[in-house]
*Asks:* 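Quick one: structure below, then a few questions.
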Number of protein chains: 4
Amino acid sequence: VVLIVGAGRGIGAAVAKRFARGGYHVVLVRRSDSAQLKASVCEIEAMGGRATGFLMDATTASSSSSSTYNENNNQDPLESLIDKIETTVGPVHVAVYNLGAQIGSRRLQETSRKQFELGWKLGTFGLFRLAKYLLPRMAARSGGSLLVTSSTAAMRGDMGQASHAAAMGGRQRLCQALHAEYARHNVHIAHIVIDSPVDSPDTLGKLLGDEHFDKLRQDFQTKRGGLVDPKAVAGLYWYLHHQPPSTWTFELDLRSRGDMPWWSSSRL
Amino acid sequence: VVLIVGAGRGIGAAVAKRFARGGYHVVLVRRSDSAQLKASVCEIEAMGGRATGFLMDATTASSSSSSTYNENNNQDPLESLIDKIETTVGPVHVAVYNLGAQIGSRRLQETSRKQFELGWKLGTFGLFRLAKYLLPRMAARSGGSLLVTSSTAAMRGDMGQASHAAAMGGRQRLCQALHAEYARHNVHIAHIVIDSPVDSPDTLGKLLGDEHFDKLRQDFQTKRGGLVDPKAVAGLYWYLHHQPPSTWTFELDLRSRGDMPWWSSSRL
Amino acid sequence: VVLIVGAGRGIGAAVAKRFARGGYHVVLVRRSDSAQLKASVCEIEAMGGRATGFLMDATTASSSSSSTYNENNNQDPLESLIDKIETTVGPVHVAVYNLGAQIGSRRLQETSRKQFELGWKLGTFGLFRLAKYLLPRMAARSGGSLLVTSSTAAMRGDMGQASHAAAMGGRQRLCQALHAEYARHNVHIAHIVIDSPVDSPDTLGKLLGDEHFDKLRQDFQTKRGGLVDPKAVAGLYWYLHHQPPSTWTFELDLRSRGDMPWWSSSRL
Amino acid sequence: VVLIVGAGRGIGAAVAKRFARGGYHVVLVRRSDSAQLKASVCEIEAMGGRATGFLMDATTASSSSSSTYNENNNQDPLESLIDKIETTVGPVHVAVYNLGAQIGSRRLQETSRKQFELGWKLGTFGLFRLAKYLLPRMAARSGGSLLVTSSTAAMRGDMGQASHAAAMGGRQRLCQALHAEYARHNVHIAHIVIDSPVDSPDTLGKLLGDEHFDKLRQDFQTKRGGLVDPKAVAGLYWYLHHQPPSTWTFELDLRSRGDMPWWSSSRL
């Protein structure tokens with residue numbers, strides 16, 4: 001069983017197909033758009049794979065200030081869904097945390113507290129909750145993998161990125177702490193830094209709008225090797241999950257050939 | 001006016017005295033212990049300085065899910081206190097964000113959601129709120145400084161540090177984003193990475209208990225140059241605030257002579 | 001054609017076999033031990049692959065102070081060998097720079113200038129010479145890959161590592177500069193950080209001696225997932241070379257499951 | 001006694017004056033221009049300080065391939081000069097390594113082996129030789145400081161920076177290794193990353209030519225807080241040397257207010 005949290009039409013769907021083709025039962029989880037979710041499930045079943053889809057909002061949690069606050073959390077959507085999946089589908093071998101926290105470039109003054117908090121819930125807290133609920137189980141079973149999609153903002157905070165960078169910076173350090181504790185228990189944590197725009201209609205497409213997205217895609221196609229290809233990312237996730245325990249990768253970057261890396265002074 | 005958020009008896013108090021001696025009106029803010037707060041204010045007044053103290057919990061905020069959620073936030077303790085300070089004491093020239101988020105070494109399973117959330121509020125969100133409320137004002141006035149105390153966990157996540165590292169990693173990336181946006185507006189942001197234990201009774205002292213703290217202090221005194229000295233840190237903050245705009249430091253580390261840095265394979 | 005500079009019995013030989021199996025003509029280059037070199041070539045031919053072997057010392061170069069100094073360098077062993085390979089075997093599509101610069105842990109005072117200089121020649125200068133001679137050709141042809149084996153010391157200097165860390169730190173920055181200039185010309189540079197000991201008799205085996213090496217191997221096998229497996233590294237190099245240009249990795253780490261990463265405070 | 005290797009009219013001269021004012025006997029060392037050297041010495045003596053000047057080329061060393069190779073090196077200019085200084089002036093308490101390795105932006109193909117080697121000698125090897133010759137003595141005496149001027153290229157390799165980045169990357173890792181070994185022996189190593197252009201006629205001025213240098217200076221003055229001020233850098237070196245051993249800084253950055261840091265996506 002592979003669990004994909006953030007199963008949009010970009011990386012999420014591509015990873016789902018890759019693991020389905022490899023014989024995994026794929027559990028797709030996304031926040032909204034049940035039509036799209038069903039379409040993804042059908043597509044996998046049509047190619048002979050097994051898939052189940054759920055709508056779930058990973059940011060919903062009983063607040064610590066609320067009277068119903070429940071530290072066991074098994075009433076909260078994310079945690080109760082994991083219970084349900086492990087009971088009805090089977091133990092999760094691979095978890096892919098694929099929720100982004102990008103809200104575009106936004107000046108500090110224009111970044112609301114609500115956005116900043118949501119960024120943290122998507123970027124850091126949701127991953128913490130998933131890890132806390134799943135990793136001890138993986139460790140107690142035969143092991144497993146937690147593959148975390150990440151981004152440029154995990155490596156440095158830049159202009160207009162206060163919310164995104166805080167969220168993703170927290171994500172990177174959290175992944176390091178998870179690795180330090182769980183790698184020895186045969187749980188492979190990987191932090192994948194995607195440092196170029198992804199060819200993903202559900203995230204970048206919506207952020208930019210159709211016209212700008214098409215223009216960007218055209219521009220990258222012509223001059224930079226193309227936007228990051230979700231299929232290639234999916235192939236990488238498959239590869240990482242199959243690394244032998246003597247030779248594990250924790251962190252790596254991905255970018256388009258002609259795009260400059262985050263540590264370089266100029267992006268073309 | 002220098003505002004110190006997190007004015008305990010360690011770095012906070014030392015910075016307060018240093019700036020008071022330099023002629024600043026010092027505003028000390030801490031969450032609890034009004035007796036200690038008064039003592040700090042009196043001590044500064046006794047040396048001929050000006051000081052005002054407030055008790056305030058920087059983690060209290062109307063929740064985004066609450067019906068009273070107020071994006072302007074001027075009802076929340078942190079924001080309303082800043083308003084009050086600027087009205088009654090004067091415009092804040094220097095802000096020192098000195099709240100830690102350390103909860104000791106704690107395995108993932110033993111880290112509660114409540115702790116993780118509190119870590120974020122102390123480590124990241126409180127700084128975001130302070131910055132969002134103050135930096136535009138500093139930029140609109142003659143400029144200013146935001147000096148942020150930080151720690152090893154800001155540089156990497158390690159075993160037992162899931163909450164702390166996520167909080168401080170978010171803090172570092174946030175500081176970078178603030179620097180990228182506000183340095184050009186003459187607001188000096190500095191991220192000070194304290195990579196050794198601090199000789200601070202209110203934080204490390206309480207975390208370890210008196211006996212262990214004394215033993216650690218003795219050990220560092222004998223073999224490693226001593227625990228990090230709050231007075232020396234205060235001297236550094238004074239120094240950073242006075243760097244000319246052509247020659248600003250954004251990030252630096254501090255550690256005891258004999259203590260190994262975070263990027264080294266062994267701490268003695 | 002894949003050129004492997006540093007074709008010992010560990011990673012070099014494994015990469016050679018992987019690419020030979022994939023249809024490449026493999027050119028193996030090592031400094032000494034022609035018997036071992038012939039054995040490697042024979043082994044590849046026995047499995048139906050094509051291979052050629054050369055003995056060559058990549059550190060030999062006409063000195064800048066010598067009267068025979070020749071900036072075109074085509075008289076020097078490395079450069080003239082590349083000419084010979086491209087003429088007699090064919091254009092190099094993939095270059096693997098696999099020379100280490102490890103001399104074990106050695107205090108500053110015990111590190112001779114000769115060792116330090118040799119470290120630089122192996123770690124940095126040899127790669128510069130290879131890149132300068134090959135990359136413009138790759139760029140002018142259909143593109144290519146330069147895969148660089150690297151190590152912990154590339155990420156930080158530690159006790160006893162003055163020579164090694166200076167050499168590998170230079171290597172990492174050089175790889176970044178090469179990437180910044182040549183990725184856009186369709187030359188894929190990858191910097192592979194091997195952060196655990198490798199199961200390699202020619203390097204680690206010789207450094208430790210048979211007895212210690214066997215003990216280390218046993219220890220890793222039992223508790224940490226094993227020493228880094230050259231075959232797995234070879235699989236990675238094959239994978240990296242075949243990433244599509246929209247989705248290239250520049251840097252990644254590799255380590256044994258139970259070994260702590262360089263940025264962690266304790267190695268088990 | 002403070003020894004300044006690389007005592008040009010920028011940072012070197014400013015550091016010299018600062019330490020002379022603080023009562024140190026300053027030893028100025030530069031490769032060429034004895035008139036300028038004498039002028040620097042006179043200026044310090046005129047302000048009541050003590051100074052001695054030497055011309056010396058730190059890159060000159062008996063080659064390891066030469067028959068006169070001498071591992072003790074006390075015949076080589078750098079090492080024999082240190083002997084001479086310690087005999088005639090006194091034990092060196094503070095060493096400032098201020099040699100740059102910048103050759104401007106240069107494509108890989110246009111970077112000669114000679115330049116690359118010279119870059120390494122200035123950037124890395126000279127520092128290694130100085131450290132190896134001086135640090136054991138400092139450790140055996142009361143301690144001391146080694147303050148190393150460094151640059152953006154120490155933090156990442158960029159387009160056109162193959163030589164410079166390899167040299168300075170090696171320098172940074174070497175400083176880390178020196179720190180890991182010698183901090184415990186009361187020798188304070190500091191790696192100062194200057195991430196903006198310096199107002200220095202002997203280095204940047206010569207690199208750019210008078211006209212471009214004046215234009216850059218004007219531009220920075222108007223919009224970015226000015227070029228990095230050698231006097232402010234000198235103040236920092238003085239500050240670092242006087243940090244108490246409980247509270248040492250190993251690494252920090254310096255840049256003009258309006259200049260974007262190396263980790264940011266755009267430099268203004």
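Proteins get letters first, then strands, A, B, ... in listed order; numbering begins at 1 in each.
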*Asks:* Out of A/Cys175, A/Ala162, A/Gly123, A/Ser163, return the one with the most heavy atom pairs under 4.5 angstrom to chain B.
*Replies:* A/Ala162
*Asks:* Roughly how far, to the nearest 0.5 Å, is the CD atom of B/Glu181 from the CD atom of A/Gln109?
*Replies:* 7.5 Å
*Asks:* Contact part of B/Arg171 toward chain A, heavy-atom cut-off under 4.5 Å: side chain, backbone, both or neither?
*Replies:* neither
*Asks:* Quick one: CD on B/Glu110 to NZ on A/Lys132, what's the gap to the nearest 0.5 Å?
*Replies:* 9.5 Å
*Asks:* Looking at every non-hydrogen atom in both residues, tell me the closest pair between B/Arg113 and A/Ala61 and how far apart they are.
*Replies:* NH2-CB, 3.6 Å
*Asks:* So how far is it from A/Met159 CE to B/His179 NE2, rounded to the nearest 0.5 Å?
*Replies:* 10.0 Å
*Asks:* Do A/Met168 and B/Arg173 make a side-chain contact, defined as non-hydrogen atoms from C-beta onward lying under 4.5 Å apart?
*Replies:* no
*Asks:* If you measure from CD on B/Glu117 to NZ on A/Lys121, what distance do you get to the nearest 0.5 Å?
*Replies:* 7.0 Å
*Asks:* For A/Arg141, I'd like to know if atom CZ has over 12 heavy atoms of other residues, nucleotides or ligands within 6.0 Å.
*Replies:* yes
*Asks:* Minimum heavy-atom separation for A/Phe128 and B/Thr111, please, with both atom names.
*Replies:* CZ-O, 3.5 Å
*Asks:* Side chain from CB out, backbone as N, CA, C, O: work out which of these in B/Leu108 comes under 4.5 Å of a heavy atom of chain A, or both, or neither.
*Replies:* both
*Asks:* Counting only heavy atoms closer than 4.5 Å, note whether B/Gln172 contacts chain A via side chain, backbone, both or neither.
*Replies:* side chain
*Asks:* Can you tell me which portion of B/Ala167 sits under 4.5 Å from chain A's heavy atoms? Options are side chain, backbone, both or neither.
*Replies:* neither
